[in-house]
Amino acid sequence: MNCMTPAEIVLMKKAGEMTRDALNYAATLIKPGISTLELDKCVEKYIIDRGGIPSFLNYDGYPASICASVNDVIVHGIPSADIVLKEGDIVSIDVGVIYKGYNGDAARTFPVGKISPQKERLIQVTKECFFEGIKHLKVGDRLGKMSHAIQAYAEKHGYSVVRELVGHGIGRRMHEPPNVPNYGKETDGPIVTKNACIAIEPMINMGRKEVGMLSDGWGIVTRDGLPAAHYENTVLITENGIEILTL
């Protein structure tokens, strides 16, 4: 796992703060009638005006600065003028910011107006999966302890965990080793090391775990058409515990 120097940690914290602020700004814009393209352009401007670089833009050819994934789109939804949010939708906003060469990455799933109790519960349990997971993230333990805890918590509540997509190490690059799954055995994965940064991102489906891909080659959807939620933070692992850099 990547081991950050004190100077690098300072820059990671700043990148994390900027990512958090961009997500909080996005939350203020979400309402029925706004297109996901408008969200993208507003958040992109917000990031640039504050001295950051939107890390998703042109990443492996991705054409936007945020991912905006509505209802059964789990992740990587491309913003579009044709996708207009409506009352009762849920939308997952994923944001990445580069600050002086270091990356922050975070995501939240938001309600659009009044949503059903079933969607509210899905959003809440997905968030709780993250916090349940980090209780089991300790220096010297296997990373799998956290992954297993996330899976167990989701399945206890009747949900399923996406297998094809995982969290990741993060630092100078947005995606670094190791992979950070939301499922698996407690004995899986590398040994957790201090001063490492990882992005932990439960992706939880209301129905079955199977996924498909949209024709644009980016959006990942639930195969059964039921909603999914996404909750992600960049975290710093220290000997004294976990510091969430994007909260």
Side-chain angles (χ1 to χ4, degrees), residues 2 11-12 15-16 18-23 25-26 29-30 34-85 89-110 162-182 197-203 205 210-223 228-234 246:
N2 56 358
L11 295 173
M12 285 297 294
M18 295 173 78
T19 305
R20 173 202 68 199
D21 292 346
L23 260 182
Y25 172 64
L29 304 174
I30 292 169
I34 193 169
S35 75
T36 56
L37 181 63
E38 187 177 349
L39 283 173
D40 175 66
K41 294 307 177 190
C42 289
V43 174
E44 178 182 292
K45 183 176 187 301
Y46 182 93
I47 292 168
I48 292 168
D49 286 351
R50 280 151 186 77
I53 298 169
S55 57
F56 293 178
L57 186 59
N58 300 319
Y59 185 88
D60 283 346
Y62 185 76
S65 293
I66 67 171
C67 299
S69 307
V70 182
N71 294 330
D72 64 329
V73 183
I74 307 164
V75 288
H76 303 163
I78 297 176
S80 168
D82 296 329
I83 301 173
V84 178
L85 299 181
D89 285 342
I90 60 174
V91 59
S92 298
I93 304 294
D94 196 348
V95 175
V97 176
I98 302 169
Y99 176 74
K100 294 189 176 178
Y102 288 82
N103 284 268
D105 189 6
R108 305 280 186 269
T109 301
F110 300 105
V162 173
R163 302 299 201 271
E164 290 80 0
L165 301 148
V166 297
H168 48 91
I170 185 168
R172 281 191 167 275
R173 290 173 294 151
M174 183 162 59
H175 293 109
E176 298 185 352
N179 284 340
V180 182
N182 301 302
C197 282
I198 59 175
I200 303 164
E201 47 180 320
M203 290 160 272
N205 294 349
E210 288 79 17
V211 306
M213 180 177 278
L214 294 176
S215 59
D216 60 27
W218 281 101
I220 304 295
V221 297
T222 61
R223 189 73 61 83
H230 183 203
Y231 186 89
E232 176 185 20
N233 283 303
T234 298
T246 47

Distance (rounded to the nearest 0.5 Å) between Arg50 CZ and Lys45 NZ: 8.0 Å
Residues which pass side-chain hydrogen bond (donor to acceptor under 3.5 Å, both in side chains) with His76, listed by chain and number, not counting sequence neighbours: none
Side-chain heavy-atom pair Leu39, Pro79 within 4.5 angstrom cut-off: no
Spatial distance of atom CD1 (Ile83) from atom CG (Asp89) [nearest 0.5 Å]: 10.5 Å
Pairwise side-chain contact, Ile93 with Ile30, heavy-atom cut-off 4.5 Å (strictly under): yes
Check: Ile78 and Tyr62 side chains under 4.5 Å, non-hydrogen atoms: yes
Note, Ile170 side chain near Glu176 side chain (heavy atom, < 4.5 Å): no
Modelled atom types, side-chain donor and acceptor of Thr234 and Asp105, under 3.5 Å: no
Asn233 (side chain) donor-acceptor with Ala106 (main chain) under 3.5 angstrom: no
Minimum heavy-atom distance Ile48-Pro54, with the two atoms named: CG1-CD, 4.0 Å
With Phe110 via ring-ring contact (aromatic ring centres under 6.0 Å, His included) - residues at least two apart: none
Donor-acceptor contact present, side-chain Asn205 to main-chain Ala228, <3.5 Å: no
Spacing of CG belonging to Asn2 relative to NE2 belonging to His168, to within rounding of 0.5 Å: 11.5 Å
Mutual orientation of the aromatic rings belonging to Tyr25 and Tyr46 [parallel < 30°, tilted 30-60°, perpendicular > 60°]: parallel
Donor-acceptor pair, side chain of Thr109 and main chain of His230, under 3.5 angstrom: yes
Partners passing side-chain hydrogen bond (donor to acceptor under 3.5 Å, both in side chains) against Asn103 (at least two apart in sequence or in another chain): none
Intermediate values then yes/no, side-chain contact (heavy atoms from CB on, under 4.5 Å), Val162 and Ile74: CA-CA 9 Å; Val162 173; Ile74 307 164; 3.9 Å; yes
Smallest separation among heavy atoms of Ile198 and Pro178, with atom names: CG2-CD, 4.4 Å
Contacts of Phe56 that satisfy ring-ring contact (aromatic ring centres under 6.0 Å, His included) - sequence neighbours left out: none
From CH2 (Trp218) to CE (Met213), nearest 0.5 Å: 8.5 Å
Side-chain heavy-atom pair Glu232, Met203 within 4.5 angstrom cut-off: no
Gap between atom CD1 of Ile66 and atom CG of Leu37 - 0.5 Å precision: 9.0 Å
Any donor-acceptor pair under 3.5 Å from Ser69 side chain to Gly77 backbone: yes
Test item: Val73 and Ile220 side chains (from C-beta on) under 4.5 Å apart, heavy atoms: no
Partner of Cys67 under side chain to side chain contact (heavy atoms under 4.5 Å, CB included), chosen from Thr36, Val95, Asp94: Asp94
Derivation of the side-chain contact (heavy atoms from CB on, under 4.5 Å) call for Tyr231 and Glu201: CA-CA 5 Å; Tyr231 186 89; Glu201 47 180 320; over 6 Å; no
Val166: side chain to side chain contact (heavy atoms under 4.5 Å, CB included) partners, not counting sequence neighbours: Asn179, Pro181, Tyr183
Listed partners of Asp72 passing side-chain hydrogen bond (donor to acceptor under 3.5 Å, both in side chains), at least two apart: none
Heavy-atom check, side chain of Leu85 versus side chain of Val91, under 4.5 Å: yes
